[in-house]
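Below you'll find the structure, written out as structure tokens, and then a few comments.
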Amino acid sequence: MLLLSLLDTDTPVEKFLKRCVEVQSQRGVVLSVVQNCILHELITAAREYERGKRKNPEVSLVGIRDKYKLNDYTVHRNAQMLTSAGIKDRKGKGWIKSANLKEDEVTNKNIRAIILSKKGRDIAELLFQ
């Protein structure tokens, strides 16, 4: 009988899952798949902004919704849990903040955008090394 440790192939998916477990163990929080999607989009945008490949680090909730084919409620609820506000009786994580998209980049001023906080950047860097 093979031991599971012998099957440890360190594929990118396995590495990511191990980092998710590390965040859960160290920080005592569990992230949903949608929250991981949000954090991934934000860290990608931040890194591209720093490399000069984007004009700003903000990401619209509509962009996340469309990319992952999610509904508005799912994106907004998961994003709200990543803010410091949280939802109803659940405390938020404080990992993202609301942001405004620049006027020249969007015609609809009601589109909401988000950006990583310092604490959120640390978590996202750990998850998506």
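Residue indices begin at 1 and follow the sequence shown. Only this structure's heavy atoms are used, side chains among them; waters, hydrogens and symmetry mates stay out.
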Non-hydrogen atoms of R19 and L126 that approach each other most closely: CD-O, 2.8 Å
Spatial distance of atom NE2 (H76) from atom CG (L61) [nearest 0.5 Å]: 4.5 Å
Single-linkage hydrophobic cluster, 4.5 Å side-chain cutoff, L17 and V23 together: yes
Exercise: identify the closest heavy-atom pair between V30 and Q35: O-OE1, 4.0 Å
Separation between OG of S98 and CZ of R112, rounded to the nearest 0.5 Å: 5.5 Å
With M81, the side chain to side chain contact (heavy atoms under 4.5 Å, CB included) member among V34, I87, I38: I87
Contact check, side chains of T11 and E14, non-hydrogen atoms, under 4.5 Å: yes
Value rounded to 0.5 Å, distance of CG in N71 from CZ in R65: 9.0 Å
Pairwise side-chain contact, W95 with L39, heavy-atom cut-off 4.5 Å (strictly under): yes
Under 4.5 Å side-chain linkage, directly or through intermediates, the cluster mates of V33: none
Heavy-atom pair with the smallest gap, counting every atom of P57 and A46: CB-CA, 4.2 Å
Over 12 non-hydrogen atoms of neighbours within 6.0 angstrom of OH in Y49: no
Given I114, I96, I123, the one that forms side chain to side chain contact (heavy atoms under 4.5 Å, CB included) with L82: I96
Minimum heavy-atom distance between E58 and A113, given as atom pair plus value: CB-CB, 4.1 Å
A85 versus Q80, closest heavy-atom pair with distance: CB-NE2, 3.3 Å
Shared hydrophobic cluster for I115 and V75 (ILVMFWY, side-chain gaps under 4.5 Å): no
Side chains of Y68 and E41 in contact at under 4.5 Å (non-hydrogen atoms): yes
Spacing of CG belonging to N36 relative to SG belonging to C20, to within rounding of 0.5 Å: 4.5 Å
Rounded distance (nearest 0.5 Å) linking atom NZ of K93 with atom CZ of R27: 12.5 Å
Closest non-hydrogen atom pair, E125 against I43: OE2-CD1, 3.4 Å
Heavy-atom donor-acceptor pair, R54 side chain to N56 backbone, under 3.5 Å: yes
Geometric class of the F128/H40 ring pair [parallel <30°, tilted 30-60°, perpendicular >60°]: perpendicular
Connected via hydrophobic side-chain network under 4.5 Å: V29 and L127: yes
Any side-chain heavy-atom pair of D10 and K15 under 4.5 Å: yes
Gap separating the CD atom of E48 from the CD atom of E50, nearest 0.5 angstrom: 10.5 Å
